[in-house]
Amino acid sequence: MIFDVFPMVTSDCPAVAGLHKTRFPHPWDSGAFHGLLVQKGVVGFVARPATGIKAIGGFVLARGAADEAEILTLAVDSRMARHGLGWRLMRAAMQKLAQEGMHALFLEVDAGNPAAIGLYRKLGFETVGERKAYYKDAVGGRSTALVMKADLR
């Protein structure tokens, strides 16, 4: 299936929340996404099938302040994984943030997620720190978050 990347709009929030629920043990609801998306400095992108079907294959949400930004969340439908959607969504966000004057982009990723870490390294991110026991899974376990940074200049 071929996907196109579009800026996220508030009407995307229910579908984004639905996808988030399938990918994270502590998902955000539609209201949380809506509340973030309307804030100054927040940008988001969604991947939709080129066929015009309303479903989304993935999304990214980021927030900038001063000259730095952070990825708030990124998800790709598990059926679409490993088809470049995460890379395309991240590139769209990185380009937009750079156009808005951001110089650095930060994110946190579970140290036990080698696929995501590989994607971020391909995009130029480097590990700059870690947060022990940062993420909590569905059964109460904890895992380390790597803090990664990319230069947007």
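Below, all heavy atoms of this structure are taken into account, side chains as well, without hydrogens, waters or symmetry copies.
- Sorted by first and then second residue, the ring pair (Phe, Tyr, Trp, His ring centres under 6.0 Å) pairs with a member in residues 65-119 form an empty list; sequence neighbours excluded.
- Under the side chain to side chain donor-acceptor pair (under 3.5 Å) criterion, the residue pairs touching residues 58-78 are H20-T73, R63-E70, D77-R79, with sequence neighbours excluded.
- Connection of L146 to Y135 is not established within any shared hydrophobic cluster, with ILVMFWY side chains joined at heavy-atom distances below 4.5 Å, either directly or through further cluster members.
- Hydrophobic clustering, defined by side-chain heavy atoms of Ile, Leu, Val, Met, Phe, Trp and Tyr closer than 4.5 Å, groups L61 together with F6, M8, V16, L19, W28, F33, L36, L37, V42, V46, I56, F59, L72.
- Contact record, P14 with S30: N-OG, 3.4 Å, taken as the closest heavy-atom pair.
- Each salt bridge (charged side-chain N to carboxylate O under 4.0 Å, His left out) pair with one or both residues in residues 24-33, not counting sequence neighbours, would appear here, but there are none.
- For D4, the salt bridge (charged side-chain N to carboxylate O under 4.0 Å, His left out) test picks out no residue, with sequence neighbours left out.
- Side-chain atoms of L97 and M94, non-hydrogen and from C-beta on, never get closer than 4.5 Å to each other.
- The side chain to side chain donor-acceptor pair (under 3.5 Å) pairs that include a residue from residues 90-101 are K96-E100, where partners are two or more places apart or lie in different chains.
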Do any side-chain atoms of residues 113-130 form donor-acceptor pairs under 3.5 angstrom with protein atoms, and if so which ones, sequence neighbours left out?
{"from": "N113", "atom 1": "OD1", "to": "A116", "atom 2": "N", "distance (Å)": "3.1"}
{"from": "E130", "atom 1": "OE2", "to": "K132", "atom 2": "NZ", "distance (Å)": "2.6"}

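- Among residue pairs with one or both ends in residues 5-19, those qualifying as side chain to side chain donor-acceptor pair (under 3.5 Å) are D12-R48; sequence neighbours excluded.
- For R153, the salt bridge (charged side-chain N to carboxylate O under 4.0 Å, His left out) partners at least two apart in sequence or on another chain are D151.
- Under the 4.5 Å side-chain heavy-atom criterion for grouping Ile, Leu, Val, Met, Phe, Trp and Tyr, L105 is not connected to V147 through any hydrophobic cluster.
- Between R23 and A75, the shortest heavy-atom contact is CG-CB, 4.1 Å.
- With sequence neighbours excluded, the residues satisfying side-chain contact (heavy atoms from CB on, under 4.5 Å) with A92 are V5, F45.
- Listed here is the closest heavy atom pair of A133 and R142: O-CD, 3.3 Å.
- For the pair K149 and A104, the tightest heavy-atom approach, listed with the atom from each and the gap, is CE-CB, 3.7 Å.
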